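Quantities reported herein were computed from a predicted structural model and do not represent experimental measurements.
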Amino acid sequence: MMSDYDSLHLLMFSGKGGVGKTTISCSFARYWARRFPQEKILLISTDPAHSLGDVLQSEVKDIALPQTDLPNLSVQALDAQKLLLEFKAKYSYFLEILVERGSLADGDDLAPVWDLNWPGLNELMGLLEIERLLAEKEVDRVVIDMAPSGHTLNLLRLKDFLDVILNSLELFQEKHRVITQSFAGSYTPDSVDDFLVDLKTQLAEGRRLLQDEKFTGCLVVGIAEPMCFAETERFLNSLETLEVPYAGLFINHILLNSELEPDRYAEQQNLLEKFLKLTPNQPIFTVPQQRVEPLGAVALDALASQIQKIVSVELTPPPTIQWPAKVLPSFCDFINEGCKLIIVGGKGGVGKTTVSAAIAWAASQQHPDKNIRVISIDPAHSLGDAFGKELGHEPIFLASNLSGQEIDANRVLEKFRADYLWELADMISGEGSQTDTTINVAYVPEAWRQIMSQALPGIDEMLSLVTVMDLLESNQQDLIILDTAPTGHLLSFLEMPSALGDWLSWIFKLWIKYQDVLGRVDFIGRLRHLRQQVVQAQKKLKNPKHTQFIGVIQAEAAIVAEHIRLTESLKKMSVSQRYVVQNRYSQEVEIADSLFPEQTMIRLPGLPRSVEPIARIQGAANLLFEVEELTPNKR
């Protein structure tokens, strides 16, 4: 069945977190390597929290290393910081000259920016590296294990972002050309002109290949669960908008025997029929549930042979609903302990949203006199799906004292631009300063406004932080629960106070150097207040009485290994993780407490499938908290 894609040269595997993208991309890359032994195949991951090494059972580094048994297949995990250093070495000379030509600043003033933590760096460097590989034809075929769907879309949207940045750089250079022409009477293209031509050619070729359906295919991986279906539907609509060729759908973890888990099997068959209707013009493949995780070369090759294309499905009626028994220990009463912020995180697809929703529901029922807010900051929101409600940027009530919202980064960005970015663009360009000239007004402010008009992928982490800071400062909510993006981008969110603080410090230094020319004292005062907010947010994130991190895992080796790494990162960041939740717990697959010796393991059994979304959340809340059964309060 994989032969359907033998004519393509670039395959991108994405979808909801935790559905098996890495497993299937590894299996497919190995298939291509066997199918085309004379060709160079490259398997790369753009996910900052990749699991390639865990799945392949081999060492994966930031350089392409051949597989021992398939030397024509190389595997690489992209290191954004390393790629940034390479980008800096190659292009910083030209970029610093262009910024100098397009602002008040000297080229040297730009140097510290290379060392700052950039929002969206993983996506930016990932796309540039993909486009470089395609343009330079270093390999014959590329398989990409992408980050979960929300951040995959961020990466793909960078095509438009880079076009705007390039156009802005052209405006900086045009200002230089006009000034030179006016003073010297003529203009001779310089090395910066050559740089812009080369960069434009490379980006254009990469964009062309990414959108060429005869060269590229985006393969979406999913599982037969309602929240995954909803997210997949939204993801496919976005791919169409971005003109990225969608080539097919892989539905993983398919049960072949209805007697093993009748409830899950009935839900699976119903959703398979929905998937078939969702994409009638592209193939749908099923990947059977494996008895043990397919780790290593032999298991991955065996998995490839089991993948089947489907065209129809036989429906099965749902069985009688059975709720599992509670397993102790349970969560504490977070509000009684004075906790103000709970951050729920882990690998994609482990059940973070369900746990977040259940904690929020339980808190609202335990404390009908308190205001509870549950917020999704994952760009691929599923919080509304979990409650069976349509959520948006503005909070809505889910119970009398419980509200929910899904942060819309674009909405927050509009306010952030109005509050800070438009004036920052004018300040950097020198508009309104003593350096104003006709040429400056004609080219430079417009170029900087174009740059500020773009939403740099990854800025959603920063803007989510600003939103949460505002809520905490207002004291309108007694407890906030955050449903976060998968591990790699969760860490970006937690690092954002330091990163935003560093960016503001750079802006302050720039202003101090040029304050006599720039003025804008009121604007700098507003930025200083923002800096104070950031410092306070950092203190609150590191205060265990204020903030608790709750990890969610399932009994799979790759998931547990990733969460062990996440736990180490949290400890280094001084973020308190008191609990780890094993979701879909059963006695047959119990994760040892010794793997997380400093945390209390909370075990949430598998929930029945054939119930309404809100009933699942209420049921999960009753299983997670050691109180009388929680029913909707009557406040």
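Between Phe596 and His563, the two ring planes are perpendicular [angle over 60°; tilted spans 30° to 60°].
The two residues Ala621 and Trp361 make their nearest non-hydrogen contact at CB-CD1, 3.9 Å. The minimum heavy-atom distance linking Ile375 with Arg373 is given by the pair CG1-CG, 3.5 Å. When all heavy atoms of Gly619 and Trp323 are compared, the closest pair comes out as CA-CZ3, 3.6 Å. Across all non-hydrogen atoms, the minimal contact from Ser25 to Phe13 is CB-CD1, 3.6 Å. Arg234 and Asp385 get closest at one heavy-atom pair: NH2-OD2, 2.9 Å. Closest approach of Met146 and Thr46 over heavy atoms only: CA-OG1, 3.5 Å.
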* To do: Might you work through the side chain to side chain contact (heavy atoms under 4.5 Å, CB included) test for Val344 and Tyr579, ending with a clear yes or no?
  => CA-CA 10 Å; Val344 182; Tyr579 296 106; over 6 Å; no

* To do: Take Thr232 and Leu236 through the side chain to side chain contact (heavy atoms under 4.5 Å, CB included) test and state the conclusion after the steps.
  => CA-CA 6 Å; Thr232 300; Leu236 293 179; 4.2 Å; yes

* Between Leu272 and Ile254, is a side chain to side chain contact (heavy atoms under 4.5 Å, CB included) present by the stated rule, with each step listed? -> CA-CA 10 Å; Leu272 282 176; Ile254 290 295; 4.0 Å; yes

* Assess whether side chain to side chain contact (heavy atoms under 4.5 Å, CB included) is satisfied between His529 and Gln532, documenting all intermediate values. => CA-CA 5 Å; His529 176 69; Gln532 290 166 358; 3.9 Å; yes

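Between the Asp483 side chain and the Ser356 main chain, no donor and acceptor come within less than 3.5 Å of each other. A distance-only check finds no donor-acceptor pair linking the side chain of Glu273 to the backbone of Gln269 [under 3.5 Å]. Side-chain atoms of His393 come within 3.5 Å of backbone atoms of Asp408 as a donor-acceptor pair (strictly under, hydrogens ignored). A distance-only check finds no donor-acceptor pair linking the side chain of Lys21 to the backbone of Val220 [under 3.5 Å]. With Gln477 contributing its side chain and Leu472 its backbone, the two residues share no donor-acceptor pair below 3.5 Å. Between the side chain of Lys347 and the backbone N or O of Gln554 there is no donor-acceptor pair closer than 3.5 Å. Of the possible polar contacts, none joining the Ser51 side chain to the Ala558 backbone as a donor-acceptor pair under 3.5 Å is found. Under a 3.5 Å cut-off, the side chain of Asn622 and the backbone N or O of Gln618 do form a donor-acceptor pair.
Donor-acceptor pairing under 3.5 Å is recorded for the side chains of Thr567 and Gln577. In summary, the side chains of Lys542 and Thr547 do not present any donor paired with an acceptor at a separation below 3.5 Å, with no hydrogens or angles considered. Side chain to side chain, Glu590 and Tyr585 meet the donor-acceptor criterion of an N or O pair below 3.5 Å.
For the pair Leu341 and His546, the minimum side-chain heavy-atom distance is below 4.5 Å. Between Leu153 and Leu242 the shortest side-chain heavy-atom distance falls below 4.5 Å. Using a 4.5 Å cut-off on side-chain heavy atoms (C-beta onward), Val374 and Leu398 make contact. Using a 4.5 Å cut-off on side-chain heavy atoms (C-beta onward), Leu239 and Val244 make contact. Glu231 places none of its side-chain heavy atoms less than 4.5 Å from the side chain of Met227. Counting heavy atoms from C-beta outward, Tyr420 and Arg526 have side chains that approach closer than 4.5 Å. A 4.5 Å side-chain heavy-atom check between Ile602 and Val355 finds every atom pair outside the cut-off. Looking at heavy atoms from C-beta onward, Asp478 lies out of side-chain contact with Asp369 at the 4.5 angstrom threshold.
Residue Leu11 holds its CG atom at 5.0 Å from CG of Leu219, rounded to the nearest 0.5 Å. To the nearest 0.5 Å, the span separating CD1 on Ile359 from CD1 on Ile617 amounts to 11.0 Å. Atom CG of Leu566 sits about 13.5 Å away from atom NZ of Lys571, to the nearest 0.5 Å. Note that the OG1 atom of Thr286 and the CG atom of Asn252 stand 10.0 Å from one another [nearest 0.5 Å]. The distance from the CG atom of Leu595 to the CD atom of Gln582 is 10.5 Å, given to the nearest 0.5 Å. To the nearest 0.5 angstrom, Ser45 atom OG is 11.5 Å from Asp79 atom CG.
Scanning for salt bridge (Lys or Arg N to Asp or Glu O under 4.0 Å) contacts around Arg264 gives Glu261, with sequence neighbours left out.
Checked for salt-bridge contact, Arg411 and Glu394 meet the test: a charged N lies under 4.0 Å from a carboxylate O. With respect to the salt-bridge test (charged N to carboxylate O, under 4.0 angstrom), the residues Asp378 and Lys16 do not qualify.
Under the side-chain hydrogen bond (donor to acceptor under 3.5 Å, both in side chains) criterion, the residue pairs touching residues 329-339 are Asp333-Asn336, Asp333-His367, Glu337-Arg578, with sequence neighbours excluded.
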Taking distance alone, no hydrogens or angles, what donor-acceptor pairs closer than 3.5 Å link side-chain atoms of residues 603-613 to residues at least two apart or in another chain?
from	atom 1	to	atom 2	distance (Å)
Arg603	NH2	Ile591	O	3.1
Arg603	NH2	Asp593	OD1	2.6
Arg609	NH1	Glu225	OE2	3.1
Arg609	NH1	Glu267	OE1	3.2
Ser610	OG	Asp263	OD1	2.8

